[in-house]
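Okay, structure first, notes after.
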Amino acid sequence: MSIILHCIGGGRAVSIDADDLLGWFAVAERDLPWRAGDVTPWQILVSEFMLQQTPVARVLPIWPDWVARWPTPSATAAASQADVLRAWGKLGYPRRAKRLHECAAVIARDFADEVPDDVEVLEQLPGIGSYTARAVAGFAYRQPVPVVDTNVRRVVARAVHGQADAGSPSVKRDHADVEALLALLPDAERAARFSAALMELGAIVCTARAPQCGHCPLRGDCRWLLAGSPPGADRKRPAQRYAGTDRQARGRLLDVLRDNTVAVTRAELDLAWPADAVQRERALSSLLDDGLAERLPDGRFALPGHDRNDSTASR
DNA sequence: GATACGTGGTC
DNA sequence: TGACCAAGTAT
């Protein structure tokens with residue numbers, strides 16, 4: 001007998017067969033390295049930091065080396081910020097690396113080197129928001145909590161609400177949607193798996209572009225598919241360009257700092273973003289403000305906490 | 001709620 | 001080619 005979840009979406013009753021999703025998950029779940037049995041909560045937390053706004057394929061080559069080098073919070077905290085930023089490489093959003101480093105220090109100092117298992121406590125740690133806190137609680141500690149990322153929001157929008165795309169994010173609403181489903185599962189273990197399966201489904205089947213509805217375990221229940229997969233409304237989103245932005249300028253400057261063991265001169269930074277001096281200075285200032293770079297007494301620049309080198313040569 | 005924050009792949 | 005997208009967080 002299957003577990004039918006009856007819920008309300010868009011004012012109408014919706015029924016979802018939980019066993020369809022759980023059965024699919026048992027077979028289709030990707031064997032990503034951070035899902036192996038011997039991976040610790042800290043190492044799972046590291047993967048979640050890396051996966052924030054970043055595709056799995058880009059994390060795959062970085063994570064194993066990282067956790068082998070720094071397996072625990074205390075080991076991570078003991079590393080210099082410069083080494084952490086270098087190991088982060090070009091994963092993107094380097095402030096994540098800084099926050100991960102800070103997070104490691106707090107866990108080592110205040111939590112005896114053990115990652116907390118309480119969502120509320122996790123949310124107070126640097127770099128951990130409502131998603132990551134629940135991902136750790138759910139994936140590392142098997143708690144039946146809603147783990148709502150962009151994938152889950154899309155799956156719920158389609159299967160439950162019959163909409164092509166998720167609406168604007170609302171932590172309260174999004175959690176309530178998933179909580180309503182989890183509450184209907186008969187035990188915590190299956191609720192936790194259901195939560196994880198929802199996310200996996202969004203990641204590999206119910207994708208933003210070209211969803212594989214023909215292979216979807218929910219194809220019999222999905223309100224969006226049953227309605228004929230109507231297109232979503234045109235979303236007016238601020239153009240997300242990158243070329244020529246301050247973000248790109250910051251990236252170029254940081255790239256230079258990462259690649260040089262020795263502090264670099266302002267002239268070397270000028271070369272990294274030559275066209276617009278005003279923008280370059282703005283980018284540099286923001287990196288300094290963010291603690292992602294520092295200015296030495298002699299006027300040169302380096303990653304924070306880099307190994308001081310007396311050499312006067314710039315490289 | 002809107003905005004800033006990297007980087008690279010895809011269609 | 002350029003717009004969109006990717007396991008979000010902090011302000």
Side-chain angles (χ1 to χ4, degrees), chain A residues 29-30 32-35 44-63 85 88-100 102-103 122-140 145-155 164-175 178 195-204 206-211 232 234-258 272-273 279 282-283 285-287 289-293:
Chain A
E29 181 184 11
R30 294 167 293 176
L32 301 170
W34 42 87
R35 290 177 175 171
I44 290 173
L45 177 53
V46 170
S47 77
E48 292 301 340
F49 264 86
M50 293 181 172
L51 288 162
Q52 289 168 3
Q53 292 284 283
T54 306
V56 167
R58 303 220 350 246
V59 173
L60 246 17
I62 305 287
W63 181 86
L85 285 169
W88 195 260
K90 305 197 75 161
L91 250 193
Y93 291 139
R95 42 175 55 168
R96 289 182 295 165
K98 179 180 167 57
R99 289 176 181 145
L100 177 58
E102 293 166 356
C103 185
L122 285 163
E123 279 186 315
Q124 298 308 121
L125 297 173
I128 297 189
S130 70
Y131 162 76
T132 303
R134 288 169 180 76
V136 170
F139 303 155
V145 293
V147 183
V148 182
D149 71 337
T150 185
N151 292 309
V152 172
R153 284 169 29 73
R154 185 173 52 249
V155 171
D165 305 294
S168 50
S170 157
V171 172
K172 209 176 185 77
R173 213 169 349 131
D174 296 339
H175 283 170
V178 177
S195 185
L198 225 37
M199 195 164 128
E200 188 75 342
L201 186 69
I204 63 182
C206 190
T207 50
R209 287 178 301 200
D234 286 335
R235 281 185 294 174
K236 35 182 175 285
R237 37 187 331 138
Q240 182 195 17
R241 55 178 187 294
Y242 180 58
T245 61
D246 285 12
R247 284 154 87 167
Q248 187 183 34
R250 282 168 55 105
R252 290 286 171 78
L253 297 180
L254 201 57
D255 208 21
V256 172
L257 299 180
R258 267 196 309 261
W273 194 260
Q279 189 176 41
R282 190 166 61 229
S285 294
S286 72
L287 286 173
D289 287 346
D290 289 348
L292 293 172

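Throughout, a chain's letter reflects where its sequence line sits, starting with A, and its residues are numbered from 1.
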Any A:Tyr131 side-chain heavy atom under 4.5 Å of A:Glu48 side chain:
yes
Distance between the P atoms of C:dT9 and B:dG8, in whole angstroms?
23 Å
In whole Å, what is the span from the CG atom of A:Asp255 to the P atom of B:dT7?
7 Å
Test side-chain contact (heavy atoms from CB on, under 4.5 Å) applied to A:Tyr93 and A:Gln52, A:Arg247, A:Arg99, the passing residue
A:Arg247
Applying a 4.0 Å non-hydrogen cut-off, can you work out what A:Ser130 is touching in the nucleic acid: base, sugar-phosphate, or nothing?
sugar-phosphate
Take the protein atom CG of A:Leu91 and the nucleotide atom C1' of B:dG8, then report the distance between them rounded to whole Å.
11 Å
Specify the residues of residues 54-61 of chain A, ordered by number, for which at least one heavy atom lies under 4.0 angstrom from an atom of DNA chain B.
A:Thr54, A:Arg58
Identify whether any heavy atom of A:Arg134 sits under 4.0 Å from a base atom; if not, whether one sits that close to sugar-phosphate; answer base, sugar-phosphate or nothing.
nothing
Give one of base, sugar-phosphate or nothing for A:Ser47, where a contact means two heavy atoms less than 4.0 Å apart.
nothing
Go through A:Ser130 and A:His175 one step at a time and tell me if the side-chain contact (heavy atoms from CB on, under 4.5 Å) criterion holds.
CA-CA 10 Å; A:Ser130 70; A:His175 283 170; 4.1 Å; yes
Of the listed nucleotides (C:dA6, B:dC5, C:dC4), which one gets closest to any side-chain atom of A:Thr150?
C:dA6
Categorize A:Ser286 for me: base, sugar-phosphate, or nothing, with a 4.0 angstrom heavy-atom threshold over every strand shown.
nothing
Could you check A:Arg95 against A:Arg209 and say which one's nearest nucleotide on DNA chain C is further toward the 5' end?
A:Arg209
Ignoring backbone atoms, test whether A:Arg258 places a side-chain nitrogen or oxygen under 4.0 Å from the OP1 or OP2 oxygen of B:dG6.
no
Heavy atoms only, 4.0 Å cut-off, all strands: where does A:Leu254 land among base, sugar-phosphate and nothing?
nothing
Side chain A:Arg30 and base C:dA7 donor-acceptor under 3.5 Å
yes
Quick one: does A:Asp290's side chain get under 4.5 Å of A:Arg250's, heavy atoms only?
yes
Determine yes or no for a side-chain-to-main-chain donor-acceptor pair under 3.5 angstrom, with A:Arg154 supplying the side chain and A:Gly202 the backbone.
yes
Quick one: does A:Gln52 reach the base of C:dG8 with a side-chain donor-acceptor pair under 3.5 Å?
no
Looking for any heavy atom pair under 4.0 Å, which part of the strands does A:Leu32 touch: base, sugar-phosphate only, or nothing?
base
Can you give the dot-bracket line for DNA chain B, where a pair is Watson-Crick or G-U wobble with both atom distances under 3.5 Å, crossing pairs use [ ], and | marks a partner on another strand?
.||||.||||.
Suppose you measure atom P in B:dA4 against the same atom in C:dA7; what distance do you get, rounded to whole Å?
23 Å
Below 4.0 Å: OP1/OP2 of B:dG6 and any side-chain N or O of A:Tyr242:
no
Counting C-beta onward and ignoring hydrogens, is there a side-chain heavy-atom pair between A:Arg30 and A:Val56 closer than 4.5 Å?
yes
Base, sugar-phosphate alone, or nothing: which one does A:Arg250 contact when heavy atoms must sit under 4.0 Å apart?
sugar-phosphate
Can you tell me which residue among A:Arg96, A:Arg95, A:Lys98 is in a side-chain contact (heavy atoms from CB on, under 4.5 Å) with A:Trp88?
A:Arg96
When all nucleic acid strands are considered with a 4.0 Å heavy-atom cut-off, which category describes A:Gly129: base, sugar-phosphate, or nothing?
sugar-phosphate
I want to verify a distance call: between B:dG6, C:dA6, B:dG8, whose nearest atom is closest to the A:Ala208 side chain?
C:dA6
With heavy atoms under 4.0 Å as the rule, sort A:Arg282 into base, sugar-phosphate or nothing.
nothing
Let's see if you can work this out: which of B:dG9, C:dG8, C:dA7 has an atom nearest to the side-chain heavy atoms of A:Arg154?
C:dA7
Value in whole Å for how far the P atom of C:dC5 lies from CD1 of A:Ile204:
20 Å
Reckon A:Arg241 has a side-chain N or O less than 4.0 Å from the OP1 or OP2 of B:dT7?
no
Does the side chain of A:Asp149 come within less than 4.5 Å of A:Leu51's, by heavy atoms?
no
What nucleic acid atoms does A:Arg247 come within less than 4.0 Å of, heavy atoms only: base, sugar-phosphate, or nothing?
base
Name the nucleic acid region contacted by A:Trp88, choosing base, sugar-phosphate or nothing; use a 4.0 angstrom heavy-atom cut-off, strictly under.
nothing
Spell out yes or no: do the side chain of A:Tyr93 and the base of B:dG6 have one donor N/O and one acceptor N/O closer than 3.5 Å?
yes
